[in-house]
Amino acid sequence: GESVGLHLPTLSVQEGDNSIINCAYSNSASDYFIWYKQESGKGPQFIIDIRSNMDKRQGQRVTVLLNKTVKHLSLQIAATQPGDSAVYFCAERGDQAGTALIFGKGTTLSVSS
Amino acid sequence: DAGITQSPRHKVTETGTPVTLRCHQTENHRYMYWYRQDPGHGLRLIHYSYGVKDTDKGEVSDGYSVSRSKTEDFLLTLESATSSQTSVYFCAIGATNSNEQFFGPGTRLTVL
């Protein structure tokens, strides 16, 4: 079964709003978590990652939060833009490099202007 | 797409025919992966490789085989395609000293 999943299959926001995409995982032994963005007709693209020894990591307009107590991962996108419209996947992995990722089912983010 | 190409990009075939999908990388990365993507399932691992001639099964490996005779190429073969193998197939690569996986553009396969 799925080790990683997302709470909502779709999320609609207005341009300029902040977006929060959530993900729950079940494997407490996972060491590494990643968010991917997938635009229509393209492969997934890396956004940001976080290791299990961290609670928060910030990138450009994106922040990933990890709550290991409740096994919850979230992606926050600041000042959402139409170009952010895509499907967002969370993924998890064990602690060894090269180990395959386990993906959640994805959340479709729609940004209206 | 980080030096990854997949061929063909689109293919329509009939049930029972053999199909081979190719993934080619120019990054000299050690790890290569094949995933399939279906509505409602996200991406699921089919097979992966951790070096030349070193491969292992993933979550949904039944009906698929792989080969990696050189670092840059990872082939996925459907010996006898079935309609349930209609999907979008993604190849990914990963370096030894990196946690990141880079994905190719995908191959859309339709089995009639």
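Chain letters run A, B, ... following the sequence lines, proteins first and then strands; every chain starts at 1.
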- line: Applying a strict 4.5 Å limit to non-hydrogen atoms, the region of A:Q38 in contact with chain B is side chain
Contacts of type salt bridge (Lys or Arg N to Asp or Glu O under 4.0 Å), residue B:K70, not counting sequence neighbours: B:D73
- prompt: Of the listed residues (B:E100, B:Q37, B:M32), which shares the most heavy-atom pairs with chain A below a 4.5 Å separation?
  reply: B:E100
- prompt: Taking the six-membered ring for Trp, are A:F103 and B:Y35 parallel (under 30°), tilted (30 to 60°) or perpendicular (over 60°)?
  reply: perpendicular
For B:T82, side-chain hydrogen bond (donor to acceptor under 3.5 Å, both in side chains) partners two or more places apart: B:S84
- line: The interface call for B:Q6 against chain A, heavy-atom contacts under 4.5 Å, is neither
field: Heavy-atom proximity to chain A below 4.5 Å, by part of B:F90
entry: side chain
- prompt: Does atom CZ of B:R30 have more than 12 heavy-atom neighbours from other groups under 6.0 Å away?
  reply: yes
